[in-house]
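Let me begin by presenting the structure, written as C-alpha cells, before commenting on it.
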Amino acid sequence: MDSKQRTHIISENELQEMRAAFENEDFVEAANRIKQSLVDLEHVPLNIAVTGQSGSGKSTFINVMRGLEDEEEEAAKTGVVDTTNKPTLYPHPQQRNVRYWDLPGIGSARFVAMDYVQIVNFSQYDFFFIIASERFKECHIQLAQAIHSMGKKFYFVKSKIDSDLNASRKQRRSSYNEEKILRDIRDKCIKCLWEGGIERPQVFLISCLELDKYDFYLMQKTLESELPAHKRHVFLLSMPNIYSQALEKKKDALRKQIWKWACLYAFSSLTAKADSTSLVKTMTEFKEAFGLDEKSLNNLANTFGIDLSDLKSVIRSPLVHQEIICDLDVNQQLSSQDITAITVMLTKYITSFAPVIGNLANTGIAFGTAYWMLCSFLKDVADDAQRVLLKALENAA
Ligand SMILES: Nc1nc2c(ncn2[C@@H]2O[C@H](COP(=O)(O)OP(=O)(O)OP(=O)(O)O)[C@@H](O)[C@H]2O)c(=O)[nH]1
Ligand SMILES: [Mg+2]
C-alpha cells in the first residue's frame, strides 16, 4: 500500500496518535489510554460568560448559541425584565460542558465595574461576550477594561443589527447603504474600545433573528481559532448548524476521533461477541452534532419557517431516519465489496501501525469494519446536514 493510499485511509496525525497509544503493545493499556482520551476530550470544560446591559439581548444570544428556540424548556427566559443578580448557568444541550453563563445586567447608575468583577467571579470564565444593542456607553468600556485587566479575552457583540438597519431604512430611504451603515457601526465600536485602552478589539455585528447574515459565522470562526486546541473540539461540536463551513469543520473534528471508537470496538471483539453499544452511541452523537435528531430538525424548521416534512425529505441516509438500535450489526452496514476491500487492506496495513490489533485477525477485521462504517456514516450525516441546511436556506431566501 503506497503512502498516498495510506493518507486516504488514515491521516499521518492519526497514525502518530495511534502509535503512541500502542507503544507498549499491550492492548488493555492501549484501550484504557484511548478511552481516557475520548473522555478527556468530551469533558473538557468551556465556560463562556455573557454580559451587557439589561435588555441588550444576552439571553437571546445564549439561546441561539445553544441552538435553542426562546420558548423551549431549557432556554433562557427572554424579553423579561431581569431581576437576577447572580450568574445563571445554561449548558449546551448536547455538549453539556460548553457552559454559557448569563451574567447580571450592567449599566445601572450604581454600576462599578470592579465590584461587578467580584460579584460574578470573573476568573472562572474562559472568555467573555459583551453584548451591546444600543450606543456605546461608558459602562461598556469600564467592563472591557476590567476583563482586560484580568488577562481575559472578550468579544464585543453589537446585537440587534437588524433593528439598526430597519430604522435606517425607514428614516433614510433614498440614501440607505447597508454596507456603509455596518462599517460605520463597527468602526465606531472599535474606536471607542481602542480609545479606552483596548489594543486590538474584536467586534462582531449580529442579529439573533438572522443568524445566516452579518458576522455570526465570522464570530464562530474567530472563537474556534483562538481557543486552545483542547477546548476547540467541544466548541466546534456545539456550533449551531446554520453554516455549511461549520458542518465541514464538525465533520473534520469527528473524523479525527474515529480510529479511537473503532479501536474500542475492536477490543470488545476479543470477547465472544463484539459490543456495538458504543458505536451506536457514537453514531447517535454524530446525528445530534449535525442537528439531524428530531428536536433539532424541528427547531431549524421553525427558525426558517419551513415544514418539518420538507426538511426531512432531503435526508437520504436510512440510519438518520430511523433510531439507531443497540444490537446494530456492523457487518451488515457494509457491502460485501467493502468487506473484501477492508480485509485485503487489513493484512498489509493495520499490522504496520498497530501490531496489537493487526496480529489478532478478529480484532483487525472488527477495527477495519467499524472504522469504515463510522467514516461512511459520518460522511452520510454530514452530506444530509448540508442538504437540510440548503433546503432551509432556499426557503428563507
Ligand atoms: N430585533 C432583534 N431583537 C432582539 C435580538 N436579540 C434580542 N432581541 C429582543 O430583545 C429583547 C430583550 O432580549 P433578552 O435576550 O431578553 O435581553 P437580556 O439582555 O437577556 O435582558 P435582561 O435579562 O432583562 O437583562 C427581547 O424581546 C428579544 O426578542 C436581535 O438580534 N434582533
Ligand atoms: Mg436575560
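Numbering of ligands and ligand atoms starts at 1, following listing order. Worth knowing before you read on, the calculation uses all heavy atoms, side chains too, and leaves out hydrogens, waters and symmetry mates.
Considering backbone and side-chain atoms alike, Thr78 places every N or O at 3.5 Å or more from each N or O of ligand 1. Taking any N or O of Lys58, backbone or side chain, at least one lies under 3.5 Å from an N or O belonging to ligand 1. Residue Asp70 has no N or O atom closer than 3.5 Å to an N or O atom of ligand 1. When only interatomic distances are considered, the shortest N/O to N/O separation between Ser159 and ligand 1 does not fall below 3.5 Å. The shortest N or O to N or O distance between Gly57 and ligand 1 is below 3.5 Å. For the pair Ile161 and ligand 1, the shortest N or O to N or O distance does not fall below 3.5 Å. Considering both main-chain and side-chain atoms, Lys77 never comes within under 3.5 Å of ligand 1 through any nitrogen or oxygen pair.
The aromatic ring centroids of Phe122 and Phe128 lie less than 6.0 Å from each other.
For ligand 1, the atoms lying closer than 4.0 Å to a non-hydrogen atom of Ser207 are 31 (O). Close contacts of ligand 1 with Ser54, meaning ligand atoms under 4.0 Å from a residue heavy atom, involve 22 (P), 24 (O), 25 (O). Against a heavy-atom cut-off of under 4.0 Å, Thr60 is close to the following atoms of ligand 1: 6 (N), 7 (C), 13 (O), 14 (P), 15 (O), 28 (C). Set against the non-hydrogen atoms of Gln53, the atoms of ligand 1 under 4.0 Å away are 19 (O).
Both the backbone and the side chain of Cys208 come within 4.0 Å of ligand 1, counting heavy atoms alone. If you look at Asp162 next to ligand 1, the close heavy atoms, those under 4.0 Å, all belong to the side chain.
The structure places CG of Leu247 at 4.5 Å from CD of Gln386, a figure rounded to the nearest 0.5 Å.
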Using atom types as modelled, flag every donor-acceptor pair under 3.5 Å from a side chain in residues 198-210 to any protein atom, sequence neighbours excluded.
from	atom 1	to	atom 2	distance (Å)
Gln202	NE2	Glu226	OE1	3.0
Gln202	NE2	Glu226	OE2	2.8
Ser207	OG	Asp162	OD1	3.0
Ser207	OG	Leu209	N	3.1
Ser207	OG	Glu210	N	3.1
Glu210	OE1	Tyr214	OH	3.4
Glu210	OE2	Lys213	NZ	3.3

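Listed by chain and number, the residues in a salt bridge (Lys or Arg N to Asp or Glu O under 4.0 Å) with Arg387 are Asp384 (sequence neighbours excluded).
Closest approach of Ala289 and Leu254 over heavy atoms only: CB-CD1, 4.4 Å.
Note: Tyr217 and Tyr243 have tilted aromatic rings, judged against thresholds of 30 and 60 degrees for the angle between ring planes.
Ionic pairing of Lys77 and Asp70 is not present here: no N-O contact between side-chain nitrogen and carboxylate oxygen is shorter than 4.0 angstrom. Lys379 has a carboxylate O that lies under 4.0 Å from a charged side-chain N of Asp383, or vice versa, which qualifies the two as a salt bridge. Taking a cutoff of 4.0 Å between a charged side-chain nitrogen and a carboxylate oxygen, Lys188 and Asp184 do not qualify as a salt bridge.
Taking 2.8 Å as the threshold, Ser59 counts as a candidate ligand of the Mg ion (ligand 2), since one of its N, O or S atoms lies below it.
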